[in-house]
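Below, all heavy atoms of this structure are taken into account, side chains as well, without hydrogens, waters or symmetry copies. Chain A is the first sequence line, chain B the second, and so forth, proteins listed ahead of strands; every chain is numbered from 1.
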There are 2 protein chains.
Amino acid sequence: MSITAARAIEALRAEGRRITTARRTIIELLGATHDHLTADHIATAVQQAHPEIHVSTVYRTLESLDEWGLVEHVHRGQGAAFFHLAASHPHMVCEECGRVIDVPGDEFEALVARVRDVYGFDIDVAHNALMGRCLVHQPRGHSLA
Amino acid sequence: MSITAARAIEALRAEGRRITTARRTIIELLGATHDHLTADHIATAVQQAHPEIHVSTVYRTLESLDEWGLVEHVHRGQGAAFFHLAASHPHMVCEECGRVIDVPGDEFEALVARVRDVYGFDIDVAHNALMGRCLVHQPRGHSLA
DNA sequence: GCCCAGATACGAACACTTCGCATCTGCGAA
DNA sequence: TTCGCAGATGCGAAGTGTTCGTATCTGGGC
């Protein structure tokens with residue numbers, strides 16, 4: 001089990017929440033991958049080990065873990081949201097190929113600070129993905145060369 | 001009719017596309033408001049004047065107008081996307097009250113340029129809304145005072 | 001006015017997510 | 001160890017936002 005997954009489970013225990021099969025399995029799955037998984041992917045993977053775990057349980061579990069700050073979800077444009085263990089960094093999703101790129105949050109610090117000052121709005125950069133085009137899908141094949 | 005709506009209809013004509021009741025009504029509606037309307041809102045409003053116009057027509061019309069660059073849609077987190085006449089600026093949506101704030105695109109220029117240089121990713125800042133909290137919904141009532 | 005590619009009405013289907021409710025279970029107390 | 005019960009789950013149905021198939025209709029060029 002990854003260190004982060006172990007920590008998440010420890011956090012559950014520390015707050016007096018139940019460690020159930022669904023919760024443990026989902027957390028371990030998220031801890032074991034760096035992929036960006038949708039609830040449905042997670043349900044499918046979880047059901048390989050525990051076929052009795054229902055999709056709605058996966059949704060509810062993810063919602064709870066999200067609320068408790070142990071996992072986060074990111075909304076893509078139209079498709080399903082994807083989930084990962086709490087890490088709070090922005091994501092960029094290519095509109096052409098769906099590729100997800102992680103960005104360190106500090107790239108956004110200046111913008112977030114300015115928007116807070118000027119517009120009185122506190123941006124949560126990690127909640128919605130930024131859509132756009134990755135380098136192989138830019139108009140007229142623009143490259144870095 | 002607003003100037004922008006008139007322009008959009010002119011653009012349709014110039015490209016040899018048909019000016020139908022659905023298209024004209026939707027464009028005029030979008031031109032007459034600064035609100036951020038979902039497809040469903042648009043359908044409801046359109047149907048007050050033309051009850052025969054079907055929701056699916058509204059969706060298809062919006063999709064076409066979007067494709068032709070006359071309107072744009074913005075994805076909120078979980079709820080429905082909202083539409084407006086082409087303007088291409090980012091939006092910020094309060095997670096608490098759903099309020100939508102428009103931001104001039106140039107606030108993002110530095111970030112977009114840097115991300116393009118460093119990550120080879122071309123962000124489309126207008127496609128997904130930025131989620132967060134407006135000033136009345138910030139944690140611990142933080143204000144600008 | 002006639003014609004037909006393109007647009008529409010209608011409803012069914014779809015993908016993703018939430019809900020209600022009966023049953024079950026983790027875990028603290030006895 | 002067993003007991004009790006708040007909280008978690010299984011299951012299916014419903015909800016929401018959107019897309020699709022198909023028969024019919026219509027804008028606008030002739």
* Asked: Which comes earlier along DNA chain C counting from the 5' end, the contact point of B:Arg23 or that of A:Ala81, where each point is its nearest nucleotide?
  -> B:Arg23
* To do: Could you state the atom-to-atom distance from CD of B:Gln78 to C1' of C:dA15 in whole Å?
  => 16 Å
* **Integer-rounded Å distance: C:dC16 C1' and A:Phe82 CZ** => 16 Å
* **Nearest-Å distance for atom pair CD/C1', residues B:Glu67 and D:dT19** => 15 Å
* **Those residues of residues 45-62 of chain A lying under 4.0 Å from DNA chain D by at least one heavy atom** => A:Glu52, A:Ile53, A:His54, A:Ser56, A:Thr57, A:Arg60, A:Thr61
* Picking from A:Arg76, A:Arg133, A:Gln78, what satisfies side-chain contact (heavy atoms from CB on, under 4.5 Å) with A:Glu95? -> A:Arg133
* **A:Glu15 CD to C:dC27 C1', straight-line distance once rounded to whole Å** => 17 Å
* Quick one: are B:Ile53 and B:Thr21 in side-chain contact, heavy atoms under 4.5 Å? -> yes
* To do: Determine whether more than 12 heavy atoms belonging to other residues, nucleotides or ligands lie under 6.0 Å from atom NE2 of A:His89.
  => yes
* Nearest-Å distance for atom pair CG/P, residues B:Leu12 and D:dG27 -> 14 Å
* Once the angle between the rings of B:Phe82 and B:His84 is folded into 0 to 90°, is it parallel (under 30°), tilted (30 to 60°) or perpendicular (over 60°)? -> tilted
* Would you call B:Thr20 and B:Thr25 a side-chain contact if the rule is heavy atoms closer than 4.5 Å? -> no
* May I have the distance from A:Arg24 (atom CZ) to C:dC27 (atom C1'), rounded to whole angstrom? => 14 Å
* Asked: How do B:Thr20 and B:His75 order along DNA chain D: which one's closest nucleotide is nearer the 5' end?
  -> B:His75
* Hey, do the aromatic rings of A:His91 and A:His36 have their centres closer than 6.0 Å? -> yes
* Structure fact -> In short, B:Glu28 meets B:Ala5 closest at the heavy-atom pair CA-CB, 4.3 Å
* Provide, to the nearest angstrom, the distance between the CD atom belonging to A:Glu63 and the P atom belonging to D:dG7. => 16 Å
* Identify, between A:Arg13 and A:Asp40, the residue whose nearest nucleotide on DNA chain C lies closer to the 5' end. => A:Asp40
* **Under 3.5 Å donor-acceptor pair, B:Arg18 side-chain atoms to C:dG6 base atoms** => yes
* Is any side-chain nitrogen or oxygen of B:Thr21 closer than 4.0 Å to OP1 or OP2 of C:dT8? -> no
* Asked: Quick one: on DNA chain D, does B:Ala80 or B:Arg17 contact a more 5' nucleotide (nearest heavy atom)?
  -> B:Ala80
* **Protein-nucleotide distance (A:Ile19, atom CD1; D:dG7, atom P), rounded to Å** => 15 Å
